[in-house]
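Only one structure is covered here, and it is reproduced in the block below.
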There are 2 protein chains.
Amino acid sequence: MPPMSADSAKRAMERPLQEPDAQAEAFAVVRQAHQMESTEDYVELIDDLITSQGEARLVEVAERLGISQPSAGKTIARLQREGYVTSEPYRSIFLTEKGKSLADKSRERHDVVYKFLLKIGVSDATAKIDSEGVEHHVSEETLDAFRRIIDAG
Amino acid sequence: MPPMSADSAKRAMERPLQEPDAQAEAFAVVRQAHQMESTEDYVELIDDLITSQGEARLVEVAERLGISQPSAGKTIARLQREGYVTSEPYRSIFLTEKGKSLADKSRERHDVVYKFLLKIGVSDATAKIDSEGVEHHVSEETLDAFRRIIDAG
DNA sequence: TCGTAAATTTAGCCATGGCTTAGTTTATAC
DNA sequence: GTATAAACTAAGCCATGGCTAAATTTACGA
Ligand SMILES: [Mn+2]
Ligand SMILES: [Mn+2]
Ligand SMILES: [Mn+2]
Ligand SMILES: [Mn+2]
């Protein structure tokens, strides 16, 4: 073992390692969230497009995600396999019950995060950007804390 | 275009779509964050292990990430290719200057998120879990807002 | 010292989600 | 109605990050 610097010794005292199991569990939760992340973003976007424009076309989904049409199309195919959307070749995309319900849940959570960031003084542009990533990693407990602050005055 | 429900009409008014470019940019930022995410988690963990236990062994990195040793080993190999760590076969893992500096930056940001969650009333266990994911998606602007709240009273 | 256990590496599997290029179908404008 | 443009699909590439099984190296205790 190499010798320890004064700073390192101090940091080791103030910031002890977690239990291995607890730490592994936290990373597992993050991996699980990432597995759902693109599904959530897609169904939320599809639902928003249907609401705002009457239908969700692949070309618009791809443009708003900032990826190529074939990439978006491949993920839509997975979502169809998994029962979140339906669509026939060359036609627009629809949400199943399962997809609609996930979209509603995701939008609600996304909105809480977005409004919370605005509430604590983050700019609108930054709140939009940060909430797009953060939304997938907040537990119900944290969302409740966010809601309390949104509702406080 | 199918007809619109009353709820949908209301939602379309209250929650208009973003500009396509702005929305695409937000998703691009999230994808960029995800590209750095495992790198940040690894160097932060390796640095913590070196500080607390004198060295970082693959077996411990894998255990704390909750993944198999070969999976961790493969990512360590990438980190070495990219200049974040060094290690010789069957030996422990060291951080380069680049790796150490990323570890310090990541730990600082992680700690801000963790302390912020505690401050707004989230439990310790949940704060540990949520901060592990959220840390990668908070901008400097949002971190400053978090710091203000941590420092307030 | 030497045999066994632990740690590490190697090889190869899989899913996801990016990409480009080229072909096909549908929509539009004249 | 038909030519052209737009939208979509098909095929195939790549990197990441999971996994298991098997080989190899190192560490350790008797
Ligand atoms: Mn969202
Ligand atoms: Mn998102
Ligand atoms: Mn994430
Ligand atoms: Mn993390």
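These values consider heavy atoms only, across backbone and side chains, with no hydrogens, waters or symmetry-generated copies. Letters A, B, ... mirror the listed sequences (proteins, then strands); counts begin at 1.
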field: Toward the 5' end of DNA chain D, by each residue's nearest nucleotide, B/Y42 or A/Q69
entry: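 Closer to the 5' end of DNA chain D: A/Q69.
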
message: Both B/R81 and B/I67 contact DNA chain D. Which one's nearest nucleotide lies toward the 5' end?
response: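 Of the two residues, B/R81 wins.
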
Any side-chain to backbone donor/acceptor pair from [X] onto [Y]? Under 3.5 Å, distance only.
{"X": "B/K98", "Y": "B/E82", "answer": "yes"}
{"X": "A/R64", "Y": "B/A24", "answer": "no"}
{"X": "B/E141", "Y": "A/S123", "answer": "yes"}
{"X": "B/S52", "Y": "A/L17", "answer": "no"}

Check the distance between [N]'s [atom2] and [X]'s [atom1] and give it to me in whole angstrom.
{"X": "B/L65", "N": "D/dG18", "atom1": "CG", "atom2": "C1'", "value": "12 Å"}
{"X": "A/E55", "N": "D/dA6", "atom1": "CD", "atom2": "C1'", "value": "14 Å"}
{"X": "B/K74", "N": "D/dG18", "atom1": "NZ", "atom2": "C1'", "value": "7 Å"}
{"X": "B/R78", "N": "D/dG18", "atom1": "CZ", "atom2": "C1'", "value": "13 Å"}

task: Indicate, with a heavy-atom threshold strictly under 4.0 Å, whether A/Q32 touches base, sugar-phosphate, or nothing.
output: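 Since no nucleic acid heavy atom lies under 4.0 Å of A/Q32, the category is nothing.
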
- prompt: Touch check for A/E82, heavy atoms < 4.0 angstrom, all strands: base, sugar-phosphate only, or nothing?
  reply: sugar-phosphate

query: So what is the end-to-end bend of the helix from C/dT1-D/dA30 to C/dC30-D/dG1, with 5 pairs used at each end and the value given to 10 degrees?
result: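 Overall, the helix from C/dT1-D/dA30 to C/dC30-D/dG1 bends by 10° from one end axis to the other.
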
message: On DNA chain C, does the nearest nucleotide to B/P89 precede the nearest nucleotide to B/R31 from the 5' side, or the other way round? Give the residue.
response: B/P89

task: With DNA chain C as reference, determine whether A/E37 or A/Y90 sits nearer its 5' end, using the nearest nucleotide of each.
output: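 It is A/E37 whose nearest nucleotide is closer to the 5' end.
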
task: Could you check B/I93 against B/I50 for side-chain contact (heavy atoms from CB on, under 4.5 Å), going step by step and ending with a plain yes or no?
output: CA-CA 9 Å; B/I93 304 152; B/I50 291 173; over 6 Å; no

message: Whether B/R91 contacts D/dA27 is assessed here as follows: a side-chain N or O lying under 4.0 Å from the phosphate OP1 or OP2. Is that the case?
response: yes

statement: Counted 5' to 3', the first and last nucleotides of DNA chain C within 4.0 Å (strictly under) of a heavy-atom of chain B are C/dA7 to C/dG18

- request: Please name the pair of heavy atoms, one in B/I149 and one in B/K119, separated by the smallest distance, quoted to 0.1 Å.
  value: O-CE, 3.3 Å

Residue pair B/K128 / A/Q23, side-chain heavy-atom distance below 4.5 Å: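 The answer is no, as the side chains (C-beta and beyond) never meet within the 4.5 Å cut-off.
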
- prompt: In terms of ring plane angle, is the pair B/H34 and B/H137 parallel, tilted or perpendicular, where the classes change at 30° and 60°?
  reply: perpendicular

- prompt: Atom CZ of A/R78 and atom OH of A/Y42: how far apart are they, to the nearest 0.5 Å?
  reply: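 Rounded to the nearest 0.5 Å, the CZ-OH separation comes out at 8.0 Å.
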
